[in-house]
Amino acid sequence: MRFFDIFSLTPTPNTICGAQPRTRSLAAAAAAAAAAATLRLGASGLALASAALITQAHASDLPGQGRSVQPVQTSVSEETFQTLIVVKALEQLGYKVLPIQETEYASGYMALANGDASFTAVNWQPLHNDFYANAGGDDKFFRVGTYVDNSAQGYLIDKKTAEQYNITNLGQLSDPEIAKLFDANGDGKADLTGCTPGWGCEPVIEHQLDAFGLRESVSHNQGNYAALMSDTITRYQQGQPILYYTWTPYWVSGVLVPGKDVVWLEVPFTSLPGEQKAIDSMLPNGKNYGFPLNHMSIVANKEFAAANPAAAKLFAIMKLPIDDVSAQNLRMQQGEKSSADIARHADAWIAAHQSTFDGWIEQAKQAAQQ
């Protein structure tokens, strides 16, 4: 059974027991209470006291006991699931995890570099290479391991239009006749549902519009990505041609399914800006969608990681299947998007992978003892 099939798990109800019959007199009840109190001071009391001491000793043995952690992510609520799984693992190590701070990517990396935040679970590589480098790079950050792998990005159009006009490459939109097929507002240019300002995809798309000679024929529509995609999906459902950017893991490809509803467009050649300029975007399957395959790592403040070897080990070894992230994101798009829903999803994932999760905790504890 996959983890997203057990999201309906509910906690076991508390059991109330030990109620005394009401028929006893107040005097009898008082006597019984006094006797019980006397017994509690004896062997039972010693047992309870011993249990309390053991519990306290166990808590003090946890490597994170007495230490606080500040997670950070953007306001993209779909990032919360993967962040929460890390949060719950840190709590098992005894850390007090503060509420997740939300900010934009650039300021989030600066907060990590300055020690105002402890970690983020959404460091995209190489998409965020400029954010990472501009905030101090390896001198400021701890980054080891891959949390989510094989994240794809690129441009897609509806399959009907692709087949009717034999469109396979984004460069074909330099032809005004092809571009205007995707004109949604009557200005004669293709409307590309693009990237939220401040995201890592923004400079890539802007760079490629120039590199591929598309500036005069394609409009890069920016804003709240989820709202823009909602409008794009509505136009698709009305039978209109659509052109959009997206990535995985995300819910969009669960609604507009590549190969069935939409198709990926290749690009004329590799062209990436900034820290990514030397990277080839050709994929292992021989396709070039303009973006190299990305992976996500957990990035932490370097000083925090050095002072917390258990947390550093955890960040390095945790792995989350990309299909599970996409499935959870789709649940959110279908209505299960409250904080309680997302927490339930995280708990369900952990329950479905309990031995893996427990293994992470054990390795992290061992790292703290070395």
Side-chain angles (χ1 to χ4, degrees), residues 1-7 63-64 69 71-74 76 78-93 95 97 100 108 112 118-129 132 138 141-153 200 247-251 253-254 283-284 291-302 304-305 308-332 342-368 370:
M1 178 181 291
R2 295 177 297 179
F3 88 100
F4 44 83
D5 293 327
I6 57 171
F7 279 170
V69 181
V72 66
Q73 66 173 60
T74 71
V76 179
E78 285 82 3
E79 293 180 354
T80 306
F81 172 67
Q82 64 203 71
T83 302
L84 270 185
I85 292 176
V86 182
V87 166
K88 290 175 181 294
L90 287 167
E91 289 175 339
Q92 288 295 306
L93 292 172
Y95 288 95
V97 184
I100 299 168
L112 284 168
S118 307
F119 80 92
T120 180
V122 285
N123 165 241
W124 286 69
Q125 297 177 63
L127 190 66
H128 287 181
N129 282 5
Y132 186 88
D138 292 340
F141 301 117
F142 170 86
R143 181 174 66 181
V144 176
T146 295
Y147 188 31
V148 180
D149 207 1
N150 293 322
S151 301
Q153 302 168 78
W247 69 94
T248 61
Y250 198 58
W251 58 263
S253 293
L283 302 182
F291 294 77
L293 281 177
N294 274 239
H295 65 271
M296 283 180 269
S297 295
I298 302 169
V299 166
N301 173 274
K302 192 166 188 174
F304 171 84
N308 292 272
K313 182 66 173 181
L314 187 72
F315 298 157
I317 63 175
M318 291 185 73
K319 292 186 181 297
L320 186 60
I322 190 171
D323 289 343
D324 289 357
V325 180
S326 290
Q328 188 275 338
N329 287 181
L330 183 59
R331 289 276 186 155
M332 292 178 65
I342 300 171
R344 177 166 53 84
H345 297 166
D347 287 337
W349 189 92
I350 292 169
H353 301 81
Q354 194 67 59
S355 61
T356 297
F357 184 83
D358 292 344
W360 295 336
I361 303 304
E362 186 56 35
Q363 289 184 61
K365 288 179 179 178
Q366 291 174 4
Q370 295 174 355

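Note: hydrogens, waters and symmetry copies are ignored here, and every other heavy atom, side chains too, is used.
Looking at K302, its side chain does come within 3.5 Å of a backbone N or O of D138 through a donor-acceptor pair. Side chain of T120 to backbone of V72: a donor-acceptor contact under 3.5 angstrom is found. Using a distance-only test at 3.5 Å, with no hydrogens or angles considered, no donor-acceptor pair links the side chain of N294 to the main chain of S151. Panel note: side chain Q82, backbone A121; a donor-acceptor pair is recorded below 3.5 Å. Looking only at distances, no side-chain donor or acceptor of S297 sits under 3.5 Å from a matching main-chain atom of V299. Side-chain atoms of N301 come within 3.5 Å of backbone atoms of L112 as a donor-acceptor pair (strictly under, hydrogens ignored).
Side-chain N/O atoms of N123 and Y147 include no donor and acceptor closer than 3.5 Å. In summary, the side chains of D358 and Q354 do present a donor paired with an acceptor at a separation below 3.5 Å, with no hydrogens or angles considered.
No side-chain heavy atom of V86 sits under 4.5 Å from any side-chain heavy atom of P71. At a threshold of 4.5 Å between non-hydrogen side-chain atoms, the residues S326 and S253 do not count as touching. Side chains of H353 and D324 form a contact here, defined as non-hydrogen atoms less than 4.5 Å apart. Contact annotation: the side chain of T80 approaches that of Q73 to within less than 4.5 Å [non-hydrogen atoms, C-beta and beyond]. Considering only heavy atoms from C-beta on, V97 stays 4.5 Å or farther from S118 through its side chain. The shortest side-chain heavy-atom distance between Q328 and I342 falls under the 4.5 Å cut-off. A 4.5 Å side-chain heavy-atom check between V76 and E79 finds at least one atom pair inside the cut-off. The closest side-chain heavy-atom distance from V325 to L320 is below 4.5 Å.
Pairing each heavy atom of L84 with each of A346, the nearest pair is CB-CB, 4.1 Å. Q92 and F357 make their closest contact through CG-CE2, 3.8 Å (heavy atoms, listed as atom of the first residue, atom of the second, distance). When all heavy atoms are compared, the tightest approach of A368 to A310 is CB-CB, 3.9 Å. Among all heavy-atom pairs drawn from L314 and W360, the shortest one is CD1-CB, 3.9 Å. When all heavy atoms of P249 and N329 are compared, the pair lying nearest together is O-OD1, 3.6 Å. When all heavy atoms are compared, the tightest approach of Y95 to V69 is CD2-CG2, 3.5 Å.
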Take Y250 and E78 through the test side chain to side chain contact (heavy atoms under 4.5 Å, CB included) and record every step on the way to the result.
CA-CA 8 Å; Y250 198 58; E78 285 82 3; 3.6 Å; yes
Go through it in stages, so that I can follow the logic: the residues are V122 and T74, the test is side chain to side chain contact (heavy atoms under 4.5 Å, CB included), and I'd like the CA-CA distance, side-chain angles, deciding distance and then a yes or no.
CA-CA 9 Å; V122 285; T74 71; 5.7 Å; no
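With rounding to the nearest 0.5 Å, the separation of CG in N150 from CG in L283 is 10.0 Å. The structure places CG of D347 at 9.5 Å from CD1 of I85, a figure rounded to the nearest 0.5 Å. Interatomic distance, CE of M318 versus OG1 of T356, reported as 10.5 Å (0.5 Å rounding). Here W247 contributes atom CH2 and Q153 contributes atom CD; the two are 8.5 Å apart, rounded to the nearest 0.5 Å. From L93, atom CG reaches atom CD of E362 across 10.0 Å, with rounding to the nearest 0.5 Å. Of the inter-residue distances, the one linking T146 atom OG1 with Q125 atom CD reads 7.0 Å to the nearest 0.5 angstrom.
Between W349 and H345, the gap from one ring centroid to the other reaches at least 6.0 Å. Taking the centre of each ring, Y132 and F141 come in below the 6.0 Å mark. For F119 and F304, the distance between ring centers is not under 6.0 angstrom.
Using a 4.0 Å cut-off between a side-chain N of Lys or Arg and a carboxylate O of Asp or Glu, K319 and D149 do not qualify as a salt bridge.
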